[in-house]
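Scope of the values below: all heavy atoms of this structure, side chains included, with no hydrogens, waters or symmetry mates.
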Amino acid sequence: MSASHVLASNGIPTTHIHTLSSPKPKLNGHSPYSTPALQIINDEKQFTLSGLSPGSNLNDQISAWDLRDVGFDYNLVAVFGSQSTGKSTLLNRLFGTNFDVMDESKRQQTTKGIWMCRGNDMNVLVMDVEGTDGRERGEDQDFERKSALFSLASSEVLIVNLWEHQVGLYQGANMGLLKTVFEVNLGLFGNKSQENANQRTLLLFVIRDHIGTTPLANLQTTLTADLQRIWDTLSKPVELQDRKLTDYFDLSFTALPHKILASERFESDVRALRGRFTNKSRDDFVFKPAYHKRIPADGVAFYMEGIWEQVQSNKDLDLPTQQELLAQFRCDEILTSALADDPIEAGKVIDGLGEMMRSWRSQALSRYDSEASRYHQGVYKRKRADLAGTLDSTLSPLFLGQLKNLHKAALVSFKAETVAGLKVEGYNFADVVIKARAGAEGRFSDGAREAVVAEGDAMWQWEEELRLLQDEIRSVADQLRKDETKKMINAIERSFKKQIAEPVDVQLSRPTPLIWDNVLRTYTETLATSEDLYLSKARSFDCTDDENDEAVTTLRQRAWAALRAKIDEQTADTAILTKLRTYFEERFRYDEHGVPRVWKPEDDIDGTFKKAKDATLDLISLYAKIAPQDPDLAYAPPEDGEAESDAPGLIVFSETKALELGARFRREADAYYVEAKRSTVMGIAQIPYWMYGVLVVLGWNEAMFILFNPIYLTLLLIIAAGAWIIVQLNLAGPLMHVGGSIALEVKRQAETRLREHFTEPLRAQAQAAMENENENDDNDHAPAPEPRRRILEPF
């Protein structure tokens, strides 16, 4: 079958289409299809279908691989990338093939031409393509271009294998080669028939030796942008000018760690990647129907031969002329020189940055124009576009950095100005925020406009950054408003507590049947005042109705919690017992005029005690529930309040606690009752009045003797007159003090005299004993008797 016939028709005779045959059994864990790979295109650019001996061409090998009768139930994958990047090793790991791998000690070319092998236990044809940029071929790029175009046009999935450090490079990442291949592929195979309108090829980028410093998402963004830039600069046919990259290719990205330094993780990630080629239930399964070329397996060899013939005959893949080479060399040299004069440090934002960047870009293009315009015009214009793109790519990070720094500075200034404005007495929150926002956005806009290098270019747009700034300013303003609202609510809450503390204390300390009416009336009035205060201040905060409702609800909950805390404080065990005792004493120990009672035997102690005790016990049930008598004051605590609703009132303490308080109060009241009874008994035990008469009768004679004796009567009158004077002059205290001092002095003098009186004879006796002792010492040197030495010891 001729190549033109294969390319002209997507269908084949029905005799070529068969169902998938049953898979072959495995032998010792290995597929029987693990046969040596076949070189389908040799390094002399010859296809194996023609000019080779029978049995060694692709058509025969497909039969040997048991794929001739599978119809469309097969897939075709190829690998593309620089030489010595581990392409063959990757294919062997993914598909169980046996392509030759590089000897690492020599670092030389392993794969020459294009090889094909069937995947182990898989209906997959795997192509291993000779690596690009090899030293063996040197500057001969003809085979690189043709093999890359062939693999791109014939395979469903093209694995682009590259190192992580090659991402972002133009030649290192084979972007120049891809550009040529894309351009020729679009011209040769770009006109899709209606039947194959949705057919595409998957470009699977495998980034090797990924260490994780640069996230995969960032590498993906860089590669996608490079491919899109290449596509946009292609010389497309007139009828294909509106075609997009996504009309022909889907892009997918993955990364693998270092094969040697992280061997275990490398093998694990490769196994995971293999699942994308084998597990059809996965969402990221690579062999999707849209990628299949719709060529039956028995026609693959002829189909691929036809593609290779078209690739071989295309002149657009030939090397450039000598004139173009010279122009390219000189333009590259001049372009490099123009890019060398970069007076700006990346990442450093300075005033007048936009003017500096525009001046630098203009000078670089002018210098290039003056020196390169005399060379080949096609190369000159292409390199000039590359220079402009490189300049923009170099300046764009500075522009973006300027925007980020302006964004950050504007946000910081907005916060600082807003906080400073909120410290001013009587501030209006909305006015403060509006003024600070206008200043921050104005400074950002002025700085961004100044940093623009080329007006109208999408690369130099800053409006999106301004929108992000506005969103952040709005978020900061909302947070500040919430913070200020919380502060205001906290201040109102503290004021509410101060206003309600004393009235509640007074009402609970002087219990009456209207105690809860008075407490709730005070609470309601104070809360209404607090709510009005909040709403009046909240107007300047530009709060929504929902925010105001939420704040008022919070204020009510905190106010109720404050009231309950005060009530609980005043109705604690010690406090409530003190109130009950005070109330009982006022009714039992004092009369209606507030005068203390002096109990007499004839007083009705029992009746008064019972009446006072019953009235006091009634207070316990009054304190137990917040139950106002006025129905207009009936109050239900706000939701999430700390009190429990129990119509018609609110529980302060339980019935068990009420019974306990009643029992403790009765014990204290009984003690007062016993004390009152004891005082009446003491009054009954006083001296009888008739005893005073007996004393008068028995002492009559002695009294008459004193009254009718002039001496005793005069002495009695003097004593009485002196006592009266002392009392009138308040001299009783001083006289008693003086008398006490005189008595103490007399006592001291008497003790001194007595001590001297008894000590003198003993001292004389001791002196005599000492003299006798000295005489004895002179006579016989004998020691003095022990009793004599101790005569003075007691004194």
Examine distances only and state if a side-chain atom of [X] and a backbone atom of [Y] form a donor-acceptor pair shorter than 3.5 Å.
X	Y	result
Asn42	Gln46	yes
Trp231	Arg243	yes
Asn123	Leu67	no
Gln166	Trp163	yes
Thr221	Ala217	yes
Asp209	Glu164	no
Arg118	Trp65	yes
Thr233	Arg229	yes
Arg208	Thr85	yes

Open item on the list: Under the criterion side-chain hydrogen bond (donor to acceptor under 3.5 Å, both in side chains), I'd like the reasoning laid out for Tyr291 against Asp250: C-alpha separation, chi angles, the key distance, then a yes or no.
Closed with: CA-CA 9 Å; Tyr291 305 146; Asp250 285 342; 2.8 Å; yes
TODO: Would you name the heavy atoms of Asp269 and Ala255 that are closest together and state the gap between them?
DONE: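 That would be OD2-O, 4.4 Å.
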TODO: Identify the two heavy atoms, one from Ala297 and one from Val70, that lie closest to each other, and give their separation to 0.1 Å.
DONE: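 In this case the closest contact between Ala297 and Val70 is CB-CG2, 3.6 Å.
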Can you find a heavy atom in the side chain of [X] that is under 4.5 Å from one in the side chain of [Y]?
X	Y	value
Met127	Ser154	yes
Lys259	Thr89	yes
Lys404	Glu465	yes
Leu94	Val270	yes
Arg200	Lys288	no
Phe287	Lys280	no
Phe285	Arg276	no
Thr224	Leu251	yes

Rounded to the nearest 0.5 Å, what's the gap from [atom1] on [X] to [atom2] on [Y]? Could you check?
X	Y	atom1	atom2	value
Thr97	Leu125	OG1	CG	12.0 Å
Leu158	Ser151	CG	OG	5.0 Å
Phe277	Arg282	CZ	CZ	10.0 Å

Task: Lys244/Asp247 salt bridge by N-O under 4.0 Å criterion - done: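 No.
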Task: Intermediate values then yes/no, side chain to side chain contact (heavy atoms under 4.5 Å, CB included), Leu76 and Val124 - done: CA-CA 6 Å; Leu76 202 155; Val124 178; over 6 Å; no
Open item on the list: Per the ring pair (Phe, Tyr, Trp, His ring centres under 6.0 Å) rule, what does the pair list look like for residues 252-273, sequence neighbours excluded?
Closed with: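 Qualifying pairs: Phe205-Phe253.
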TODO: Compute the centroid of each ring, for Phe150 and then for Trp308, and state whether the two points are separated by less than 6.0 Å.
DONE: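 Yes, close enough.
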Task: Ring centre gap for Tyr74 and His292 strictly below 6.0 Å - done: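 Yes, the ring centres sit under 6.0 Å apart.
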- [ ] Output all residues satisfying side-chain contact (heavy atoms from CB on, under 4.5 Å) with Glu463, sequence neighbours left out; order by chain, then residue number.
- [x]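 Per chain and number, Glu463 pairs via side-chain contact (heavy atoms from CB on, under 4.5 Å) with Gln461, Arg467.
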Open item on the list: Quick check with a 6.0 Å cut-off and a 45 degree axis cone: is Arg294 positioned over the face of Phe72's six-membered ring?
Closed with: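 Relative to the ring axis of Phe72, which defines the angle, Arg294 lies inside both limits.
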TODO: Could you give me the CA-CA distance, side-chain angles and deciding distance for Leu240 and Tyr248, then say whether side chain to side chain contact (heavy atoms under 4.5 Å, CB included) is met?
DONE: CA-CA 12 Å; Leu240 302 177; Tyr248 296 91; 3.9 Å; yes
Task: Contact list for residues 210-219, test side-chain hydrogen bond (donor to acceptor under 3.5 Å, both in side chains), sequence neighbours left out - done: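 Applying side-chain hydrogen bond (donor to acceptor under 3.5 Å, both in side chains) to every pair that reaches into residues 210-219, excluding sequence neighbours, yields nothing.
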TODO: Could you give me the CA-CA distance, side-chain angles and deciding distance for Asp100 and Asp128, then say whether side chain to side chain contact (heavy atoms under 4.5 Å, CB included) is met?
DONE: CA-CA 10 Å; Asp100 292 337; Asp128 190 7; over 6 Å; no
- [ ] Show your reasoning for whether side chain to side chain contact (heavy atoms under 4.5 Å, CB included) applies to Val160 and Leu204.
- [x] CA-CA 6 Å; Val160 182; Leu204 175 59; over 6 Å; no
Open item on the list: Assess, by modelled atom type and distance only, whether the side chains of Lys45 and Gln312 contain a donor and an acceptor separated by less than 3.5 Å.
Closed with: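 Absent: no donor and acceptor within the cut-off.
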